[in-house]
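See structure below.
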Amino acid sequence: MFGLMQDQPLLVSSLIEFAARHHHDAEIVSRRVEGDLHRTTYAQAARRSRQVAQALDRLGLGRGDRVGTLAWNGYRHFELYFGVSGSGRVIHTLNPRLPPDQVVWIANHAEDRVLFFDMTFLPIIKAVWSKCTTVRHWIALCEADALPADTGIEGLQSYEAWIGRESGRYDWPSFDERSACALCYTSGTTGNPKGVLYSHRSTLLHAYGVALPDAVSLSARDCILPVVPMFHVNAWGIPYAAAMTGAKLVFPGPALDGKSVYELLESERVTMAAGVPTVWLMLLNHVREHKLKFSHMRRTVIGGSACPPAMIRAFRDDYGVTVLHAWGMTEMSPVGTVCNLKLAQRELDPDAQLAIMAKQGRAVFGVEMRIVDSEGKELPWDGQASGDLHVKGPWIISRYFKDEGGDPLIDGWFPTGDVASIDPDGFMQITDRSKDVIKSGGEWISSIDIENVAMAHPAVAMAACIALPHPKWDERPLLVVVRKPGAEASREDILGFYEGKVAKWQVPDDVVFVDAIPLGATGKMQKVKLREQFKGHRLPGA
Ligand code: AMP
């Protein structure tokens with residue numbers, strides 16, 4: 001017997017219409033590439049999203065056609081999220097930090113028909129436009145009078161002129177909620193990037209999940225600043241979850257340095273922010289250096305890479321800000337777990353709480369997890385056993401776009417490529433990426449654990465631990481360190497710092513100092529490059 005409730009599809013267009021009706025004057029503030037601050041509201045964003053939908057109809061784009069963007073976080077990008085998907089097309093967010101030949105490869109693979117871009121990226125567009133064989137329309141996210149005349153790009157027009165022709169009176173179409181709404185490519189550290197194709201249904205369910213109190217906890221009382229880019233897994237779904245809850249949004253545009261982010265946090269009275277650890281490192285350095293405080297920010301979501309416990313402690317003890325450590329991946333929309341304490345854990349002493357908060361956290365309802373050994377046998381949730389982390393749920397990938405790579409699932413579970421343990425309370429802790437674990441004499445060393453110790457050293461700005469081949473032990477750890485500006489620390493100081501913090505055999509065999517650690521297009525340390533750079537390095541005793 002079926003239930004007798006209305007069978008209304010979950011569609012992205014409903015989010016912006018809800019926000020416009022119930023939170024019409026809630027603000028969307030953006031730092032523009034022009035440098036100024038732009039202010040709009042959900043009501044205006046909804047009208048302009050409808051104009052986008054009408055203008056795409058006028059171009060003759062069909063259902064399911066892909067529409068690319070190469071843009072920072074800002075109100076126009078936000079309007080495209082809803083106008084493109086709401087009208088039945090697929091928004092494909094391209095990562096502008098990728099090398100131009102990869103941008104071309106991805107745009108061609110996605111078969112983008114239209115490409116929107118911020119003026120900052122005009123040089124990239126000039127380099128790639130003639131090679132993007134499916135793109136017919138190039139639309140610069142600017143006013144008509146800001147459009148340069150002599151670009152040579154065929155079919156170039158300005159966004160404001162393009163939507164300016166439309167009335168904004170538009171009825172969103174209704175269709176199957178399983179239809180695709182957004183496309184995002186994985187970073188492709190090995191082989192070509194693969195497309196992850198989100199559906200309206202998965203996106204709405206994910207937005208509900210993200211907004212839950214034990215996840216990111218979003219509400220109409222919040223003002224949220226996503227530093228995480230809208231070109232990286234839809235800014236962790238925050239634009240959708242913000243529209244669902246009516247939270248005020250603050251978009252930082254291209255200015256992601258500590259000073260610019262801090263100024264926005266203060267002037268817009270931001271209550272929570274979200275981003276990768278490298279961004280918060282810049283912010284913390286800025287506030288420390290200038291002896292500043294956060295007047296309004298109470299929470300910050302940090303994920304994308306392991307957040308060092310020293311950072312969680314600094315935010316909490318020095319600035320009164322709770323770090324919500326979160327884990328996920330492009331294939332998971334992306335949110336999988338978020339670290340929030342349970343009731344009984346609120347009574348623990350601050351150090352015991354910190355040990356929990358440093359974990360990647362508990363699954364959001366909708367995400368099932370398991371850990372398995374090399375034979376695929378499920379491991380216990382005892383906080384000790386660690387194995388391959390598998391996930392499943394309604395916002396987790398079933399297949400890649402165009403079936404690249406074949407069936408990725410194992411018995412219906414998606415293997416994340418991460419190695420983790422899960423404690424009896426359900427708190428998951430990533431030990432490593434399976435490719436990055438250091439296998440020493442039959443035992444595993446977690447590169448994240450070794451990095452976390454180094455990151456607590458006062459002279460260390462950034463640290464990466466990689467495996468080097470070893471004749472006796474197979475592999476041994478090498479620590480690569482960037483010192484803080486002006487700070488002194490020798491190899492011996494750093495190695496001495498490990499005493500009593502990890503088992504003796506886990507202490508790195510050597511430390512090398514570098515000016516910078518290579519970061520990928522999404523701000524993660526590129527260990528593949530580091531391994532390449534140090535492959536000839538001789539460890540003492542090797
Ligand atoms: P991406 O799909 O580019 O977002 O990368 C996903 C991968 O980033 C995951 O599989 C993890 O290896 C890593 N990752 C994301 N969040 C965390 C976290 N909080 N701690 C450790 N690794 C993380």
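Whatever order the structure lists ligands and atoms in, that order sets their numbers, starting from 1.
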*Does His77 have its ring centroid less than 6.0 Å away from the ring centroid of Phe116?*
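No - the distance between ring centres of His77 and Phe116 does not fall below the 6.0 Å cut-off.
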*Is the distance between the ring centroids of Phe121 and Trp72 less than 6.0 Å?*
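Under 6.0 Å, so yes.
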Measure the distance from [atom] to every protein heavy atom, then report the residue, atom name and distance (to 0.1 Å) of the closest one.
atom: atom 20 (N) of ligand 1; value: Gln360 NE2, 2.9 Å
atom: atom 12 (O) of ligand 1; value: Asp418 OD1, 2.6 Å
atom: atom 7 (C) of ligand 1; value: Lys524 NZ, 3.7 Å
atom: atom 21 (C) of ligand 1; value: Ala306 N, 3.2 Å

Is any NZ, NE, NH1 or NH2 atom of the basic residue among [X] and [Y] found under 4.0 Å from an Asp or Glu carboxylate oxygen of the other?
X: Arg89; Y: Asp112; result: no
X: Asp449; Y: Lys501; result: no
X: Glu79; Y: Arg76; result: no

*asked:* At less than 4.0 angstrom from any non-hydrogen atom of Met329, what atoms of ligand 1 do you find?
replied: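 Counting atoms of ligand 1 from 1, those under 4.0 Å from Met329 are 2 (O), 4 (O), 6 (C), 10 (O).
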*Should you measure from each heavy atom of Arg433, which atoms of ligand 1 turn up under 4.0 Å away?*
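Taking each heavy atom of Arg433 in turn, ligand 1 has 9 (C), 10 (O), 12 (O) under 4.0 Å.
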*asked:* Between ligand 1 and Thr522, is the shortest N or O to N or O distance under 3.5 Å?
replied: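 Checking ligand 1 against Thr522, no N or O pair falls under 3.5 Å apart.
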*Backbone or side chain, does any N or O of Trp327 fall under 3.5 Å from an N or O of ligand 1?*
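Between Trp327 and ligand 1, no N or O pair is found under 3.5 Å apart.
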*For ligand 1, which part of Cys307 has a heavy atom less than 4.0 Å away: the side chain, the backbone, both, or neither?*
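For Cys307, there is no contact with ligand 1 at all, from either part.
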*Give the contacting part of Thr330 toward ligand 1: side chain, backbone, both or neither, where contact means a heavy-atom distance below 4.0 Å.*
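Under 4.0 Å from ligand 1, Thr330 contributes backbone and side-chain atoms.
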*Please check if atom CZ in Phe365 has more than 12 non-hydrogen atoms from other residues, nucleotides or ligands closer than 6.0 Å.*
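It does not: Phe365 CZ has 12 such atoms or fewer within range.
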*Parallel, tilted or perpendicular: ring planes of His92 versus Tyr185, cut at 30 and 60 degrees*: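 Because their plane-to-plane angle lies in the 30° to 60° range, the rings of His92 and Tyr185 count as tilted.
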_Using 30° and 60° as the class boundaries, would you call the ring planes of His109 and Trp105 parallel, tilted or perpendicular?_
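Parallel.
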_Using heavy-atom distances only, which candidate in Gly304, Ser305, Ala326 approaches atom 13 (C) of ligand 1 most closely?_
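Answer by nearest heavy atom: Gly304.
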